[in-house]
Structures are given as structure tokens and as C-alpha cells.
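Note that the structure is predicted; figures quoted are calculated from it, not measured.
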Amino acid sequence: MNDKLREKYDGGIFDLDGVCYRGAEVIAGAPEAIAEAEAGGFSAIYLTNNASRPASDVAAHLRELGISAEPEAIYTSARAAAELAEERFAEGSKILVIGGKGLREELSQRGFELVERREDEPAAVIQGWDATVGWAELSEGALAIRDGAIFIATNLDATLPQERGFMLGNGSLVKAVEHATGVSPVATGKPTPQVFRRAAEAGGLERPLAIGDRLDTDVAGSVEAGIDCLHVLTGVTTAAEVAVARPGQRPTYLAIDLSALSEPYQRPRLNGGRAELAGQWAKVSGGTLETSGDRTHADVALYRCIVAACWEAIDAGTHAQQLAPQLADLNVVGS
């Protein structure tokens, strides 16, 4: 009953931005929480949709932030795309790359010949995000795809969180090529379930726990892969959005941050639509959300009660749009 959450699993598939850091800033408590989990036998592998940086650079960045990580513990969407190409094309095949160093290194290590032009007759066009990608590269890729090259995208994230806000992600740039060619790519990053399975295999994990901050990538992909997921509130998706999540995007566990890994996990008890936990409660009656405490300063127990009550109400026919305005002031604070 008092088992720590991490003791149910042999390791975690950690998202990076929004879980371990935000941009260049480490998330408070993340290095300590990960170190404590690893000391207890919980292995860590880091899964990212960012294909621009090699695994060695990602690992170095984590170490600079105080998180112990080696390149072998980094699984990028570039690696997933390169492994897919390895399965589909013979060694030495020509690949036209739209992207940066991370994607190029993964493909080169597998013996592919990287080319820049349609006239080189590439077998595939593989597109990953990089700040240097522009019109010329996108157009060259479009020409090759029209000639019959297979179109692969490392990921389809529409946006990329940056210090100034949400910038264009790889998915937005992929859309330009898709619009120009009429060809939809095969995507390899989150939320595809395969990338979670590949990451687990790369980390030697048989009972993995996915850990993320986004419902549409981290949670949706892990749910489809059949992998339990811990959602943390240190990144993109808010507590209010979690409370109205559709079934395919509902995490197994809810927490404020990574410290939850080394704590016993408590679930609300549902009784007639009322969710109760640690003296807190929430229920939805006639489409109205009622709670025991102040939603603007909700503790984690009240947060879990609110989510449990809302999910049950939605599954019973209450529209999420009806509940969403009532959750606008939901703010979860630590103990």
C-alpha cells in the first residue's frame, strides 16, 4: 500500500522539454527526483521529438543541468526515423535529408548516402526540424517526393516551445511539403506508439512508465502503446486540460512534478459520481462541478478528485465544453 510509484516499474521513458527542463532552464527538483529514482533501481531513458541535436549533445545538455545521462540513454525521433529507414532500405541507399546534425548523424551511422538534390534520385526524403531549414531544402524535397521518393517525417509537432513562445515546429514545415506534393509522410516520433516501444527496447525496459507533460504526444502515444503514463504539470498541458481529456489522452497517474516518482500514489475513491481523497472531494451534478476546496489553490488530492469526477461525468454524457469554463481558475499548488 505504501509502495513508491516507481517501484511498480523497472524504468521511465522521460520526455525532456516540460519534464526535465524548460528551454535552457532546468525544472526545479527534476535532477534530484531522477537521481533518487535511479538510486532505487529505476532506469531512465529520455525520449524527445527534437531531431536537430545528436544524442551526445542532448546528454551533455542534461549533464550541464545536473541530470546524469549518457548518449545511450537518449532516444530521439531522428533515431526512430533512421531505424525505420534501415528496415525499409538497403545500406548505402540515397536519402535526401531536410534537417540538421542530429538526423544526419543517425542516418550516416547506418551507412546511408546523404544527398541534397532531386537529381541524385534518393530513395527517401526524411524531414526533421532544424532552424536552418528553408525554402530551398523544402522545395528540393518536394521535387524528389514527386519523383517517387518515400516521405518520412521525424515528427509532426505543429509548434516548438521556445523562450519567446511557441514557434514553428517540424509538423508545420512538413505541412508545406505535404501541401506542395499531396503526399502525407510516415511519421516516427511521438505520438506514434512504435517510438515508445522502440525507446523501451533501447533502454532494456520490460515494465516502463512514460513520463510527460503533453496530452497530445506523451500521453496519447503511451496510451496507444499500452504503456502506463505519469503526467506532470511542469510543461505545456494544464490541469484544466487534463480534467476534460478524452479517453485516448488520459494519463494513468497525475502529479505536480517528478517528486511523485518516489512517493506512494493515492487514487480518489469514486462513490456515486463523487470522488474522494485525503479529505478532499469533487463531483459533477447536472453539469456543474462542485468541490470541497478552493480551485485556485488546489492541492494534489483535490486535483485528482476533480479529474476523476470530470472524467466520469464526461464518460456518462456531460460535454467537456460544459465543464471547461468551470475549470478556468483551476490552479494546482504543491504541499
Side-chain angles (χ1 to χ4, degrees), residues 16-17 23-24 47-58 61 71 74-192 194-195 217:
L16 289 176
D17 207 339
L47 174 60
T48 176
N49 265 1
N50 192 328
S52 64
R53 294 189 296 172
S56 56
D57 290 0
V58 177
H61 182 211
I74 311 300
Y75 196 93
T76 68
S77 61
R79 177 173 169 181
E83 288 178 349
L84 177 63
E86 195 172 33
E87 293 168 1
R88 292 197 173 192
F89 307 107
E91 183 178 351
S93 295
K94 296 177 180 178
I95 306 289
L96 193 156
V97 178
I98 304 173
K101 183 180 178 183
L103 181 55
R104 293 177 181 279
E105 280 195 8
E106 291 286 355
L107 290 165
S108 294
Q109 288 169 5
R110 288 163 176 79
F112 292 109
E113 180 183 349
L114 308 188
V115 300
E116 306 293 334
R117 293 175 55 77
R118 177 265 302 271
E119 285 76 11
D120 295 316
E121 300 182 348
V125 172
I126 303 184
Q127 182 172 352
W129 184 88
D130 191 77
T132 64
V133 171
W135 176 86
E137 293 84 2
L138 295 174
S139 296
E140 207 64 44
L143 290 170
I145 291 165
R146 279 207 184 113
D147 280 355
I150 301 299
F151 189 17
I152 298 173
T154 60
N155 66 293
L156 298 176
D157 294 5
T159 59
L160 181 71
Q162 298 284 280
E163 285 77 4
R164 294 174 58 205
F166 291 96
M167 305 296 206
L168 291 178
N170 193 54
S172 295
L173 301 177
V174 165
K175 275 293 182 186
V177 178
E178 186 176 347
H179 184 65
T181 62
V183 177
S184 297
V186 176
T188 61
K190 295 182 286 187
T192 65
Q194 293 86 354
V195 78
T217 54

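Side-chain contact between Thr188 and Thr192 is absent, with no heavy atoms from C-beta onward closer than 4.5 Å. Within the 4.5 Å cutoff, the side chain of Pro185 has heavy atoms near those of the Leu156 side chain. Side-chain contact between Asp17 and Thr48 is absent, with no heavy-atom pair separated by less than 4.5 Å. The shortest distance between side-chain heavy atoms of Arg110 and Phe89 does not fall below 4.5 Å. No side-chain heavy atom of Arg53 sits less than 4.5 Å from a side-chain heavy atom of Ile74.
Within the model, atoms CD1 of Ile145 and CG of Asp147 stand 10.0 Å from one another, a figure rounded to the nearest 0.5 Å. For the atom pair CG (Leu107) and CD (Glu86), the distance works out to 10.0 Å, reported to the nearest 0.5 Å. The CZ atom of Arg104 sits 12.0 Å away from the CD1 atom of Ile95 when rounded to the nearest 0.5 Å. One finds the OG atom of Ser77 at 8.0 Å from the CG atom of Asp157 (value rounded to the nearest 0.5 Å). Separation of atoms CG (Asp57) and NZ (Lys101) is listed at 5.0 Å; rounding is to 0.5 Å. Between the OG1 atom in Thr181 and the CG atom in Leu143 there is a gap of 10.5 Å [rounded to 0.5 Å].
With sequence neighbours left out, Ser108 forms a side chain to side chain donor-acceptor pair (under 3.5 Å) with no residue at all. Applying the side chain to side chain contact (heavy atoms under 4.5 Å, CB included) rule to Glu119 yields the partners Arg117, Glu140; only residues at least two apart in sequence or on another chain are considered. Qualifying side chain to side chain contact (heavy atoms under 4.5 Å, CB included) partners for Glu113, counting only residues two or more places apart in sequence or in other chains: Lys94, Val115. For Glu91, the side chain to side chain donor-acceptor pair (under 3.5 Å) test picks out no residue, with sequence neighbours left out. Evaluation of the side chain to side chain donor-acceptor pair (under 3.5 Å) rule for Asp130 yields Thr132 as partners, not counting sequence neighbours.
Residues Gly141 and Ile98 approach most closely at CA-CD1, 4.0 Å, considering heavy atoms. Nearest heavy atoms, Gly128 versus Val133: O-CG2, 4.2 Å. Residues Tyr75 and Glu83 come closest through the heavy atom pair OH-OE1, 2.5 Å. Contact detail for Ala78 and Ala51: the closest heavy-atom pair is CB-CB, 3.7 Å. Heavy-atom minimum distance, Ala81 versus Ile152: CB-CG2, 4.3 Å. Nearest approach of Leu96 to Ala144, heavy atoms of both residues: CD1-CB, 4.1 Å.
Although no hydrogens or angles enter the test, the distance criterion places a donor-acceptor pair under 3.5 Å between the side chain of Arg146 and the main chain of Ala180. With hydrogens and angles disregarded, a donor-acceptor distance shorter than 3.5 Å links the side chain of Asn49 to the backbone of Lys190. Ser139 places no side-chain N or O within donor-acceptor distance of the main-chain N or O of Ala136, the cut-off being under 3.5 Å. Remark: side-chain polar atoms of Glu105 are not paired, donor with acceptor, to backbone N or O of Gly102 under 3.5 angstrom.
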Please tabulate, for the side chains in residues 169-176, all donor-acceptor contacts under 3.5 angstrom to protein atoms that are two or more places apart in sequence or on a different chain.
| residue | atom | partner | partner atom | Å |
| --- | --- | --- | --- | --- |
| Asn170 | OD1 | Trp129 | N | 2.9 |
| Asn170 | ND2 | Gln127 | O | 3.4 |
| Asn170 | ND2 | Asn155 | O | 2.8 |
| Ser172 | OG | Ala158 | O | 2.6 |

